[in-house]
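Report on the following structure.
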Protein chains: 2
Amino acid sequence: MAVNTQFSIAVHIMAGLAYRCDQETTSTNLAMSVNTSPSFVRRVLSKLSKAGLVQTATGKAGACWLAKDAKDISLLDIYEAVDAPKAFSIHNYTEQKGCTVSCHIKAALDNALNKTQKAMEASLDDISLAQIVSDVKKK
Amino acid sequence: MAVNTQFSIAVHIMAGLAYRCDQETTSTNLAMSVNTSPSFVRRVLSKLSKAGLVQTATGKAGACWLAKDAKDISLLDIYEAVDAPKAFSIHNYTEQKGCTVSCHIKAALDNALNKTQKAMEASLDDISLAQIVSDVKKK
DNA sequence: ATAACTGTTACTATAATAGTAACAGTTAAG
DNA sequence: CTTAACTGTTACTATTATAGTAACAGTTAT
């Protein structure tokens with residue numbers, strides 16, 4: 001699939017870290033759960049780490065763990081950390097001079113995107129990682 | 001770009017039809033405004049037509065026009081008509097038996113997606129095509 | 001010194017998408 | 001009744017974002 005699933009994978013990784021918060025966790029552990037390569041996991045972990053959501057230790061016995069309590073991490077934090085795609089994307093044409101619609105549609109679409117993006121982010125902000133882990137355990 | 005912009009293009013097309021609602025409009029006219037090929041425009045138009053948002057006439061002097069007033073068409077109608085991508089997409093792994101997170105994360109992510117998708121759609125439903133056209137004219 | 005990890009870069013393969021071309025079907029007009 | 005100019009659709013190609021892999025430098029416990 002050439003569809004962006006980094007956000008989804010990032011949530012999976014974070015849920016894994018939250019679920020086994022008592023244990024040492026390596027990129028290989030996480031890769032097995034996600035069913036991808038340790039390298040790919042580390043690439044996502046790197047973004048999460050730069051965003052201050054996870055901490056890591058290098059060297060032998062290197063590992064990763066959550067930087068904060070799962071209830072203090074929202075899906076929006078994760079969404080922003082991995083720079084996931086916007087609610088929709090605006091096409092990238094060259095404006096047709098003399099055509100009002102062609103020249104101004106981008107600004108109108110930007111307005112609409114801003115509004116929709118805000119709604120989407122508010123919803124993500126309302127879901128905590130702890131909630132996800134709770135769902136995972138419950139089912 | 002391998003990023004889905006059909007929704008954005010569909011809104012552009014619909015805005016074009018709404019803007020010049022008094023004139024006959026062909027796929028070639030619209031293609032010039034969008035800066036793409038008439039074929040591509042017709043492919044999008046076909047979806048909009050099947051969704052009952054535009055009407056078309058075939059034959060010589062064939063044309064397209066809005067099926068309803070622009071104020072009675074929301075961006076959500078257009079979003080659904082072109083079957084645009086969801087708020088985010090869930091990765092497609094094979095479950096790792098014996099790993100609770102791996103087995104149940106999909107259900108948890110589905111919950112989250114449903115909620116976020118609803119928020120996004122409510123926002124799109126709140127923006128009418130007439131609003132877009134008004135923005136286009138104003139600027 | 002070695003083993004086992006992270007962090008990062010470079011590379012390949014895949015698949016979604018844009019974009020194009022072609023053509024059958026339709027209809028107005030001469 | 002032939003022609004021109006559309007729509008509607010399918011098949012095809014090129015592009016490019018993404019997943020996924022491999023490799024290796026840097027780090028640290030043993």
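All chains are named by letter (A, B, ...) in the order of the sequence lines, taking the proteins before the strands, and each is independently numbered beginning at 1. Not measured: the values here are computed from a predicted model.
Other residues, nucleotides and ligands contribute only 12 or fewer heavy atoms inside 6.0 Å of the CG atom of A:Asp83. Few gaps surround CD on B:Gln55; more than 12 heavy atoms of other groups in view lie less than 6.0 Å from it.
For C:dA18, one of the phosphate oxygens OP1 or OP2 lies less than 4.0 angstrom from a side-chain nitrogen or oxygen of B:Gln6. In this structure, A:Thr56 reaches the C:dG7 phosphate: one of its side-chain N or O atoms is under 4.0 Å from OP1 or OP2. In this model, the phosphate group of C:dT8 is approached by a side-chain N or O of A:Lys50 to a distance below 4.0 Å at OP1 or OP2.
One atom, OH of B:Tyr93, and another, C1' of D:dG20, lie 18 Å apart when rounded to the nearest Å. Whole-Å rounding puts the A:Arg42 CZ to C:dA10 P distance at 16 Å. In this structure, A:Gln55 places its CD atom 15 Å from P of C:dT6, rounding to the nearest Å. For the pair B:Asn92 CG and D:dT18 P, the computed distance is 17 Å after rounding to whole Å. The separation between A:Ile13 atom CD1 and C:dG7 atom P is 12 Å, rounded to whole Å. A straight line from NE2 of A:His12 to C1' of D:dA19 spans 16 Å, rounded to a whole angstrom. Rounded to whole Å, the distance from CG on B:Asn4 to P on C:dA16 is 11 Å. In this entry the distance linking CD of B:Glu24 with C1' of C:dT27 reads 13 Å, nearest Å.
In terms of position along DNA chain C, the nucleotide closest to A:Gly62 lies nearer the 5' end than the nucleotide closest to the other residue of the pair A:Gly62 and A:Ser46. Nucleotides of DNA chain D nearest to A:Ile9 and A:Lys60 differ in position, and the one nearer the 5' end is that of A:Ile9.
Contacts with DNA chain C (heavy atom under 4.0 Å) in residues 26-39 of chain A: A:Thr26, A:Ser27, A:Ser39, listed by number.
Considering only heavy atoms from C-beta on, A:Ser33 comes within 4.5 Å of B:Ser102 through its side chain. Here the side chains of B:Thr100 and A:Lys137 are not in contact, with every heavy-atom distance at 4.5 Å or above. Annotation: side chain of A:Ser46 is not in contact with side chain of A:Arg43 (no heavy-atom distance under 4.5 Å).
Under the rule for a side chain to side chain donor-acceptor pair (under 3.5 Å), B:Ser8 has no partner lying at least two apart in sequence or in another chain.
Over its full length, the helix from C:dA1-D:dT30 to C:dG30-D:dC1 turns its helical axis through 0°, comparing axes from the five pairs at each end and rounding to 10°.
Here the straight-line distance linking atom OH of B:Tyr79 with atom NZ of B:Lys86 works out to 5.0 Å at 0.5 Å rounding. For the atom pair B:Leu66 CG and B:Arg20 CZ, the distance stands at 12.0 Å (nearest 0.5 Å).
Counting atom types as modelled, B:Arg43 pairs a side-chain N or O with a base atom of C:dT20 as donor and acceptor under 3.5 Å.
One N or O on the side chain of B:Ser89 and one on the backbone of A:Asn4 form a donor-acceptor pair closer than 3.5 Å.
Among the heavy atoms of the strands, none lies under 4.0 Å from A:Lys47.
Shown here for A:Thr116 and B:Ile127, the closest heavy-atom pair between the two residues is OG1-CD1, 4.4 Å.
Considering only side-chain atoms of A:Phe40, the nucleotide from C:dT6, C:dC23, D:dG20 that sits closest is D:dG20. When distances are taken from the side chain of A:Cys64 to each of C:dT6, C:dC23, C:dA28, the shortest belongs to C:dT6.
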